[in-house]
There are 2 protein chains.
Amino acid sequence: MKASDRAYASLREDIVEWRLVPGTVLGEVEQSERLGVSRTPLREALARLTADGLATAQRGRGVVVSELSLGQLGELFELREALECKAAALAAQRGDPARFADLRDRLAAAPALLADRDPQRQEYYALASELDAAVDEAILNTYLAQSLAGLRVHLARVRRLARDDAARLRQAAVEHATIAGAIADRNAPLASAATAVHLSNSLQHIRTNYPKEAAHG
Amino acid sequence: MKASDRAYASLREDIVEWRLVPGTVLGEVEQSERLGVSRTPLREALARLTADGLATAQRGRGVVVSELSLGQLGELFELREALECKAAALAAQRGDPARFADLRDRLAAAPALLADRDPQRQEYYALASELDAAVDEAILNTYLAQSLAGLRVHLARVRRLARDDAARLRQAAVEHATIAGAIADRNAPLASAATAVHLSNSLQHIRTNYPKEAAHG
DNA sequence: TCGCGAGGCTTTGTATACAGCAAGGGGCAA
DNA sequence: TTGCCCCTTGCTGTATACAAAGCCTCGCGA
């Protein structure tokens, strides 16, 4: 693997996991020494992070980790609604019904299994990721899939910020099952609507549980 | 201005204007010599082009200019519909009605002025760009605006490919006026629907006039 | 004549050295 | 004492030199 890729992956994970908090200045020399690569590949990594929107280049101060305020969260979810509703609708038109019917059943069974214990939680997250991946494949649209991938990086950052409780996860599983079911039934409008509902509930839940110390920015 | 910015802008324009056709290999040494910059800033420019989707990094062969087939055009318009319909709806909710009413009137007056002569054509393009900019400002959403900006680069490439005739431009002006009017009336669903109609007609027109020699790829 | 392999050559990937610039601190003057 | 100016220092931006990896080609053997 290339050094620039390693530096990019490492920095991106550090940002998503909140080890590098918003406002942190990513000095080229400092980070290159920390990650054990030269300045050239590190610069490339910083450029990619900036393109992703995870960092912003500030005149004279270098590259700093992006803020993620409540307002930006709302903006992010507006974009998410545009992309994911469209994706759900396209998946309903083009996806393999059997695959999504299977996902629907497994998601519908998830709430009963979901306790407060973390192992099941990871299992559910994996299931949700599987649904995302299935939608990505089903839509047959490189541009849309790429936009969704870029969006999910930001969403991963949000997830770390406002940890979901078991009750919310159970509800989310139901909502996901509804989406998968609508896609399996080739019902595009319903798939889109179910996605909108899910996103609205998710945003509301995050807003309610948003840590106060991160609300500035 | 930075050397990397100049290289990026120059290469992007060359690609959009079809001076660099799809499949062209962008060798680092060759392009750095042509543009009069070193390899380091040129690499940064190539990385940005790749992130934009205008070029793709091919293992071993370097960076090549992306193809733009009819199929990809369809995918592009699906993404465009998702983003622009959402943007139109948000603009209807948040935009300044007076500004869009003004745009509506000027766009409605455009078809009468639009002859086959190029000067008026440029004037109309400027008017359409003004509508885009007004929407960008009205939506108050950085993420969505950024996605739209990235999308428009690709659309500029398409425009150069399938030149619009006067009849299509007149119709497009009417459609744009409808969108602006719906936003001015704060009618979000109508704004979204009018955008969908416009995009559908645009795509159909482009598909009809698509040059055969560019249809492969 | 065709297939395989080794060598060279071109390419990218990385490191380092240099230049220009901007910001901060210290000193001098009012 | 305070404000302004200059100097120093650290940074980014750029260039170039070096290393490694892939591909093409030429030659040899079957």
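Chain naming here is simple, since letters A, B, ... match the order of the sequence lines and numbering starts at 1 in each.
Across the protein-nucleic acid pair, A/Q58 atom CD and C/dA23 atom C1' stand 14 Å apart, rounded to whole Å. Here D/dT12 presents its C1' atom at 14 Å from CD of A/E30, a figure rounded to the nearest Å.
Across all their heavy atoms, B/T195 and B/A88 have their closest contact at OG1-CB, 3.3 Å. Between B/A3 and B/V37, the shortest heavy-atom distance links the atoms CB-CG1, 3.9 Å.
Between B/E17 atom CD and B/L161 atom CG the span is 12.0 Å, to the nearest 0.5 Å.
The strand DNA chain D forms stems, runs of 3 or more Watson-Crick or G-U wobble pairs with distances below 3.5 Å, at C:1-30 with D:1-30.
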Could you tabulate the donor-acceptor pairs under 3.5 Å formed by side-chain atoms of residues 44-55 of chain B, not counting sequence neighbours?
residue: B/R48; atom: NH1; partner: B/D5; partner atom: OD1; Å: 3.0
residue: B/T50; atom: OG1; partner: B/L46; partner atom: O; Å: 2.8
residue: B/D52; atom: OD2; partner: B/Y8; partner atom: OH; Å: 2.4

Table of protein N/O atoms under 3.5 Å from nucleotides 20-22 of chain D N/O atoms:
residue: D/dG22; atom: OP1; partner: B/R59; partner atom: NH2; Å: 2.8

Protein and nucleotides 13-17 of chain D: nitrogen or oxygen contacts under 3.5 angstrom:
residue: D/dG13; atom: OP1; partner: B/K2; partner atom: NZ; Å: 3.4
residue: D/dG13; atom: OP2; partner: A/R43; partner atom: NH1; Å: 3.0
residue: D/dG13; atom: OP2; partner: A/R43; partner atom: NH2; Å: 3.3
residue: D/dG13; atom: N7; partner: A/R39; partner atom: NH2; Å: 2.9
residue: D/dG13; atom: O6; partner: A/R39; partner atom: NH1; Å: 3.0
residue: D/dT14; atom: OP1; partner: B/A3; partner atom: N; Å: 2.4
residue: D/dA15; atom: OP2; partner: B/S38; partner atom: N; Å: 2.7
residue: D/dA15; atom: N7; partner: B/T40; partner atom: OG1; Å: 3.0
residue: D/dT16; atom: O4; partner: B/T40; partner atom: OG1; Å: 3.2

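B/R39 pairs by the side-chain contact (heavy atoms from CB on, under 4.5 Å) definition with B/E28, B/V29, B/S32, B/R43, not counting sequence neighbours. Residues passing the side-chain contact (heavy atoms from CB on, under 4.5 Å) test with A/S129, sequence neighbours excluded: none. Annotation: side-chain hydrogen bond (donor to acceptor under 3.5 Å, both in side chains) contacts of B/R168 (sequence neighbours excluded): B/E175, B/S202.
Listed by first and then second residue, the ring-ring contact (aromatic ring centres under 6.0 Å, His included) pairs involving residues 133-160 of chain A are A/Y143-B/H154, A/H154-B/Y143 (not counting sequence neighbours). Sorted by first then second residue, the salt bridge (Lys or Arg N to Asp or Glu O under 4.0 Å) pairs that include residues 198-207 of chain A, not counting sequence neighbours, number zero. Listed by first then second residue, pairs satisfying side-chain hydrogen bond (donor to acceptor under 3.5 Å, both in side chains) with a partner in residues 87-96 of chain B read A/E78-B/R94, not counting sequence neighbours. For residues 133-142 of chain B, the set of pairs meeting the salt bridge (Lys or Arg N to Asp or Glu O under 4.0 Å) definition, not counting sequence neighbours, comprises B/R99-B/E137, B/D136-B/R152.
B/L155 places a side-chain heavy atom less than 4.5 Å from the side chain of B/F77.
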Exercise. Applying side chain to side chain donor-acceptor pair (under 3.5 Å), run through A/Y210 and A/H205 and close with a yes or a no.
Key: CA-CA 8 Å; A/Y210 200 83; A/H205 178 263; over 6 Å; no
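For DNA chain D, none of the residues of residues 7-14 of chain B falls under the heavy-atom distance limit of 4.0 Å.
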